[in-house]
Amino acid sequence: MEPVSDILLSWFAREGRDLPWRRTRDPYRIWLSEVILQQTRVAQGLEYYLRFTERFPDIAALAAAPEDEVLKLWQGLGYYSRARNLHAAARQVMSRFGGVFPATYGEVRALPGVGDYTAAAVCSIVYDAPCAVLDGNVYRVLARLFDIGIPIDTTAGKRTFAELAQLQLDTSRPGLYNQAIMDFGALQCTPAQPRCGDCPLAGRCLALAAGTVGVRPVKQGRAKVRDRWFNYLHVTCGGQTLLHRRGGGDIWQGLYEFPLIETDKAADFAELAATAAFRELLGNGRWHLRRSVTMPGHQLSHQLLHAVFHRIECDAMPAFPSVETAALGGYALPRLIDRYLTKYQM
DNA sequence: AAAGCGGGGCC
DNA sequence: GGCCCAGCTTT
């Protein structure tokens with residue numbers, strides 16, 4: 001099977017952005033771009049990169065400038081400790097390394113303002129060091145590709161993802177690979193509305209298959225997504241369908257759906273048929289279960305819905321207070337219901 | 001392990 | 001208007 005790294009690299013060759021710091025292997029410029037791009041989008045950082053490289057074409061020029069001038073040039077970018085550390089690091093390179101940017105991971109990592117991410121990025125891109133980067137994009141791509149639910153903002157999560165990222169690294173061209181997976185996260189595997197429809201990894205993406213793309217990566221700090229199990233009874237009699245309108249105090253207020261039996265975990269049909277709700281609805285009539293359909297996980301903002309539809313045909317329509325009998329057209333339906341109907345062309 | 005650090009984009 | 005994004009340093 002084609003390695004994931006090859007798919008990412010061919011995607012990068014097609015779709016990767018042409019950016020000024022990708023046209024150089026000057027360690028100063030790579031380092032400068034990485035510091036600017038910490039917590040900053042490319043669209044915002046680009047003009048600052050151009051401004052800095054014009055005013056300070058090399059690290060000696062940066063080191064020679066007063067700190068105030070560096071801060072002024074940084075104005076508007078935020079996180080001003082980045083600018084102070086940038087300037088201090090430039091001066092260290094002049095005083096401790098004779099003006100030559102250090103070439104080992106340990107030395108680069110020890111510069112002020114350089115953490116694991118920036119050291120790996122600089123050393124892989126400039127020196128072909130086999131160091132996998134781990135930034136927000138990489139967390140997201142790996143969490144989805146392997147459907148990993150371990151929170152990324154915990155010690156165990158960071159260690160797990162660091163090991164996985166290192167395993168995935170294409171060590172024959174680490175710099176190119178690192179840029180590819182980060183651009184892939186920024187452009188294709190985006191936090192919101194990822195482009196799964198034209199994703200070259202769609203067939204290999206475990207989160208896409210599981211319906212968990214929207215909840216990957218998991219972060220501890222965020223409100224927890226609650227799992228709910230919705231068992232719908234799609235009851236028909238002739239051309240008529242049982243519909244129920246949702247009330248307040250929950251999702252989809254005022255929308256219509258099929259009669260619903262919610263359980264606290266996955267339930268098979270026999271378990272449902274034994275519930276009081278089911279017997280109240282269908283206990284008195286004759287009915288036949290035609291088929292059961294399990295939908296992919298349906299992601300809402302704070303809930304992950306696991307829905308199963310049981311299609312039931314009745315000899316006579318049951319009468320039940322909270323249920324209406326209707327044709328489906330004209331009723332506002334949750335997307336989950338609409339997807340079920342579309343998928344099975346009903 | 002957790003807090004502090006800006007600014008911008010999106011719904 | 002509120003939520004999300006995110007790497008490094010400090011505590």
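To find a chain, count down the sequence lines: A is the first, B the second, and so on, and within it residues start at 1.
- Looking at A:Gln44, its side chain has no donor and acceptor atom pair within 3.5 Å of the base of B:dG8.
- At whole-Å resolution of the value, CG in A:Asp153 and C1' in C:dA6 are 11 Å apart.
- Note on A:Asp6 versus A:Arg173: salt bridge recorded, some NZ/NE/NH1/NH2 to OD/OE distance being below 4.0 Å.
- In this structure, CH2 of A:Trp74 is placed 12 Å from P of C:dC8, rounded to the nearest angstrom.
- Position along DNA chain C of the nearest nucleotide to A:Asn137 versus A:Gly113 favours A:Asn137 as the more 5'-ward residue.
- In this structure, the CG atom of A:Leu86 is 13 Å from the P atom of C:dC8, given to the nearest Å.
- Comparing C:dC8 with B:dG9, their P atoms are spaced 23 Å from each other, to the whole Å.
- If you take CZ of A:Arg41 and C1' of B:dG9, they are 5 Å apart, rounded to a whole angstrom.
- For the atom pair CZ of A:Phe184 and CD of A:Glu15, the computed distance is 10.0 Å after rounding to the nearest 0.5 Å.
- Nucleic acid contact class of A:Gln193 (heavy atoms, under 4.0 Å, all strands): sugar-phosphate only.
- Between A:Arg140 and C:dA6 there is a side-chain polar atom (N or O) within less than 4.0 angstrom of OP1 or OP2.
- Heavy atoms from other residues, nucleotides or ligands lying under 6.0 Å from CZ of A:Arg14 number more than 12.
- In the displayed structure, A:Glu54 atom CD is contacted under 6.0 Å by at most 12 heavy atoms of other residues, nucleotides or ligands.
- Using a 4.0 Å heavy-atom cutoff across all strands shown, A:Tyr79 reaches at least one base atom of the nucleic acid.
- When each of A:Ser81 and A:Ala192 is assigned the nucleotide of DNA chain B bearing its nearest heavy atom, the one mapping closer to the 5' terminus is A:Ser81.
- Of the residues near DNA chain B, A:Gln38 and A:Ala156, the one whose nearest nucleotide (by heavy atom distance) lies more toward the 5' end is A:Ala156.
- Map A:Thr40 and A:Arg109 each onto its nearest nucleotide of DNA chain C; the residue landing nearer the 5' end is A:Thr40.
- When heavy atoms are screened at a 4.0 angstrom cut-off, A:Arg84 is found touching no nucleic acid atom at all.
- Contact check on A:Arg22 versus A:Asp183 returns a salt bridge, with a Lys/Arg side-chain nitrogen under 4.0 Å from an Asp/Glu carboxylate oxygen.
- Here C:dG7 presents its P atom at 11 Å from CG of A:Asp116, a figure rounded to the nearest Å.
- Note that A:Arg51 lies in the cation-pi zone of A:Tyr48, set by a 6.0 Å cut-off to the ring centre and a 45° limit from the axis.
- If you measure from atom CD of A:Glu47 to atom C1' of B:dG8, you get 13 Å, rounded to the nearest angstrom.
- Residue contacts for A:Thr118: at a heavy-atom cut-off of 4.0 Å it reaches the sugar-phosphate backbone alone, with no base atom in range.
- Close to C:dC5, at under 4.0 Å from its OP1 or OP2, lies a side-chain N or O of A:Lys219.
- In this structure, the CZ atom of A:Arg82 is 14 Å from the C1' atom of B:dG4, given to the nearest Å.
- Remark: the separation of the P atoms in C:dT11 and B:dG6 is 15 Å, to the nearest Å.
- Atom CG in A:Leu111 sits about 12 Å away from atom P in C:dC8, given to the nearest Å.
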